[in-house]
Amino acid sequence: MAAEQARSMEDGRERRELLEALLRGPYDKDAPSWLLEAAVDSDLARKPPQSDPLYGPSMDLALLAISHPSCTGQLRHESLRRCTAVQLGRLGSAQASGILADGVAEALRERGPRPQGMTVDLLGTPTDAQLVLRQHRLHSTVITAAVDLLPSFPFLDEKGEEDTARWLERQEAAERAWRTMWKQVVTAHPEHHRLLVDWSDNNKVGYIVREHLLGSIPWDVEPELLQEIARDDLASFPLSVLTTRMCRMRRDGATEQKVREHFANDVAELLPPQRKRIDRLLSDDKYGLRYGCRAAISRTALAADGKWRYILNPDQAQKYGRPHPWRASEDQLASLAQQFAEHAAVALELWEPDPDAPVRTAEDLRWVRDLLQYLPVVTPEVKEKTRLLCREARRGLARRRDYGRYGLDSDIQRALELLDTIERMTADPLPDPGPERTASLGKPDQVTVRDLAAAPDAVLDDYLRRHQGNDALVERALLAFASRTYHRDLSFADVLKRHSDPQRALLDLTQSLRRRLGGGPNLRETWVTAVLSLPTTGPELIRALPAWTALKARGPRGQAAHPAVTSVVRTALGDNAEAWQRFATSPASHAGPTAWLRLGDLLDAAANGTPWPAAPHK
């Protein structure tokens, strides 16, 4: 049976090659209908692999036939009607002609049904539109047709006799599925983000597309579009500030009429739905006012913990333990973070103790840490308000420890670490660490790389802050990263920035890595990974890396080789075939003394035909 299947597959492959050769050769201008039909049939008969049924084989031969000058409109239409949804997606690629893309879009619309409400089941058994959109690099016409047919936001039927809690649980699950579906769409089509934003804004679902682009995959968004979406989101912050001020005036005894008169000029600039929302809050003494009084704080905290988290903390955007490369530059991200901090500072002015909503979670504190980190000038007023908030947070967290049912221990720990960081950032002068914290690492001139590697992130960060300006200490901390297997709050780039001359220090450390670091392959690999994960890594620094480890380093998105290393090698060897052959026989190795041979030294020897260099001394 296996032999028969193998022969069948071989026969099919040979038949496809023959059909393609005919269509590209003697019949490239004028082909008989039987040849075009045979080419289409050959691809339509191919089955997707059982391991991945949602992604079928290529449709290159069918695409060649349907796009052929001799293909009639009827043959094209009939062929597309016979396609599965996955096959339609394959044919509707960016390389498709306008006529073919229109045909794919029309075939998709004919399939129906018209858009239905999203359900959890549709994630596992997707509609034809969902299946098409799971194919990458689609034609814009096909994208537009497919998103028109996507399941809509779910509105479940009246619960009837169903338990309210169960009905709400089903509704929330369906909403999560709808959000997941849209995340899959924007993730699969980074080249069409602008199209998706424009389409969704016109179809009243722009908020979910923008939410995912800003908060789920901001590293894949074109910089100009990312800045536009971020600024549009910030434009909504003043509304929450206005809501808080109006609701607090009402809470403090003013009538609704008095509040509206006082803020008449501000309210006049709002859209009708925004005015209606504020009116509802003002008139709801039981729930609305309480919500409105905290609108500015809640809006800012939720944004810092959600949509803005990666922009404020780019190093937290990781894939398989490695930092995501960003399309936006470091300066652009810093500019957006500063704008967020300036809006957050306005919200901080409105913070007040609230017994009904104490500060006792990491989410309650993260936005304060972020605004202090990015605010250009931390004024005395900001420091004073932050200290009051920290005092309340200490009380709230103490109550959480007394009554463990209020939260997970891990969240309490994160909140305490954030609180420690915030208090250090607002201390004037820096607080005395006390004998216990000082003794934990010792004096800066005596602490070792091993000591720094074993220190928790919070302790290491505190230690480096208390010894600012000590370049030698920063260099040992950088070397310590090669021995650390897990980092949560402190990155290699964070420590590097504390050096007075970061680029020189990094080059010196790398050139003397055997003497300064030593150790086995895992230490070299961690060092190379850290260096290559930096936003910019120049050729001189890459040439100083250990050759074997650098050449084995994987690139972003699972690339087999790191593009920066590949570029350096190609630049050095060029079109010199003999140099490439010599380089392939270099003495670089995984372990032992030759594992420390530098990439640049080997490239120079290969290019110039000189003897291989000796391994660097300890």
Side-chain angles (χ1 to χ4, degrees), residues 5 7-50 52-115 126-150 188-189 191-192 195 199:
Q5 290 178 343
R7 282 195 299 271
S8 177
M9 291 176 62
E10 181 64 21
D11 291 343
R13 183 181 65 80
E14 292 178 353
R15 175 180 172 80
R16 286 171 50 78
E17 290 177 352
L18 174 61
L19 291 171
E20 182 177 358
L22 290 173
L23 288 174
R24 293 189 184 279
Y27 295 102
D28 64 328
K29 302 297 183 184
D30 186 15
S33 59
W34 65 263
L35 179 58
L36 299 176
E37 292 171 2
V40 172
D41 290 342
S42 177
D43 265 358
L44 292 183
R46 301 176 73 194
K47 303 297 182 183
Q50 293 183 354
D52 198 0
L54 299 183
Y55 297 91
S58 72
M59 298 286 289
D60 293 343
L61 188 56
L63 177 62
L64 180 61
I66 297 175
S67 302
H68 196 279
S70 298
C71 182
T72 63
Q74 181 180 358
L75 176 58
R76 184 182 303 109
H77 180 69
E78 291 177 353
S79 299
L80 294 174
R81 290 187 63 184
R82 294 166 55 199
C83 288
T84 66
V86 173
Q87 289 171 336
L88 277 182
R90 290 289 191 176
L91 289 173
S93 68
Q95 289 74 38
S97 65
I99 293 177
L100 177 55
D102 289 340
V104 171
E106 184 58 30
L108 185 58
R109 294 189 190 99
E110 289 178 356
R111 295 174 181 232
R114 303 309 297 171
T127 65
D128 284 358
Q130 289 174 264
L131 286 172
V132 167
L133 287 167
R134 290 188 183 182
Q135 310 303 312
H136 295 269
R137 289 179 282 280
L138 293 176
H139 194 285
S140 58
T141 299
V142 178
I143 283 266
T144 303
V147 293
D148 279 337
L149 298 171
L150 281 177
H189 303 286
E191 72 279 10
H192 288 303
L195 182 154
W199 177 91

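Here, residue 1 is the first one in the sequence, and each next residue gets the next number.
Nearest heavy atoms, Ala65 versus Cys71: O-CB, 3.5 Å. Closest approach of Leu108 and Ala145 over heavy atoms only: CD2-C, 4.4 Å. Considering all non-hydrogen atoms of both residues, Asp43 and Ala62 come closest at OD2-N, 2.7 Å. Smallest separation of non-hydrogen atoms from Glu191 and Arg137: OE2-CA, 3.2 Å. When all heavy atoms of Leu88 and Val104 are compared, the closest pair comes out as O-CG1, 3.6 Å. For the pair Ser42 and Arg16, the tightest heavy-atom approach, listed with the atom from each and the gap, is OG-CG, 3.0 Å.
Judged as a salt bridge (charged side-chain N to carboxylate O under 4.0 Å, His left out), and not counting sequence neighbours, the contacts of Asp128 are Arg111. Take Arg82 and apply the salt bridge (charged side-chain N to carboxylate O under 4.0 Å, His left out) test, not counting sequence neighbours, and it matches Asp41. Looking at residues two or more places apart in sequence or on another chain, you find a salt bridge (charged side-chain N to carboxylate O under 4.0 Å, His left out) between Glu20 and Arg24. Applying the salt bridge (charged side-chain N to carboxylate O under 4.0 Å, His left out) rule to Glu106 yields the partners Arg109; only residues at least two apart in sequence or on another chain are considered. Residues satisfying the side chain to side chain contact (heavy atoms under 4.5 Å, CB included) test with Ala96, not counting sequence neighbours, are Leu100.
For the pair Arg46 (side chain) and Ser58 (backbone), a donor-acceptor distance under 3.5 Å is present.
Enclosure of atom CD in Gln74 is not indicated, since only 12 or fewer non-hydrogen atoms of other residues, nucleotides or ligands lie within 6.0 angstrom. With a 6.0 Å radius and a threshold of 12 heavy atoms from other residues, nucleotides or ligands, Leu18 has its CG atom above the threshold.
One distance of note links OG of Ser79 with CD of Glu37; it measures 7.5 Å at 0.5 Å rounding. Distance NE2/His68 to CG/Leu23: 5.5 Å, rounded to 0.5 Å. In this structure, Met59 CE and Leu44 CG are separated by 5.0 Å, a value rounded to the nearest 0.5 Å. Rounding to the nearest 0.5 Å places CG of Leu91 at 11.0 Å from CG of Leu138. Rounded to the nearest 0.5 angstrom, Thr127 OG1 and Leu133 CG are separated by 8.0 Å. Within the model, atoms OG1 of Thr141 and CD1 of Ile99 stand 12.0 Å from one another, a figure rounded to the nearest 0.5 Å.
Within the structure, side chain to side chain donor-acceptor pair (under 3.5 Å) contacts touching residues 92-103 (residues at least two apart or in different chains) are Ser93-Gln95.
Side-chain contact between Leu150 and Val147 is present, with at least one heavy-atom pair separated by less than 4.5 Å. Considering only heavy atoms from C-beta on, Lys29 stays 4.5 Å or farther from Pro69 through its side chain. Inter-residue side-chain proximity for Thr144 and Asp148 is flagged as met; some heavy-atom pair is nearer than 4.5 Å.
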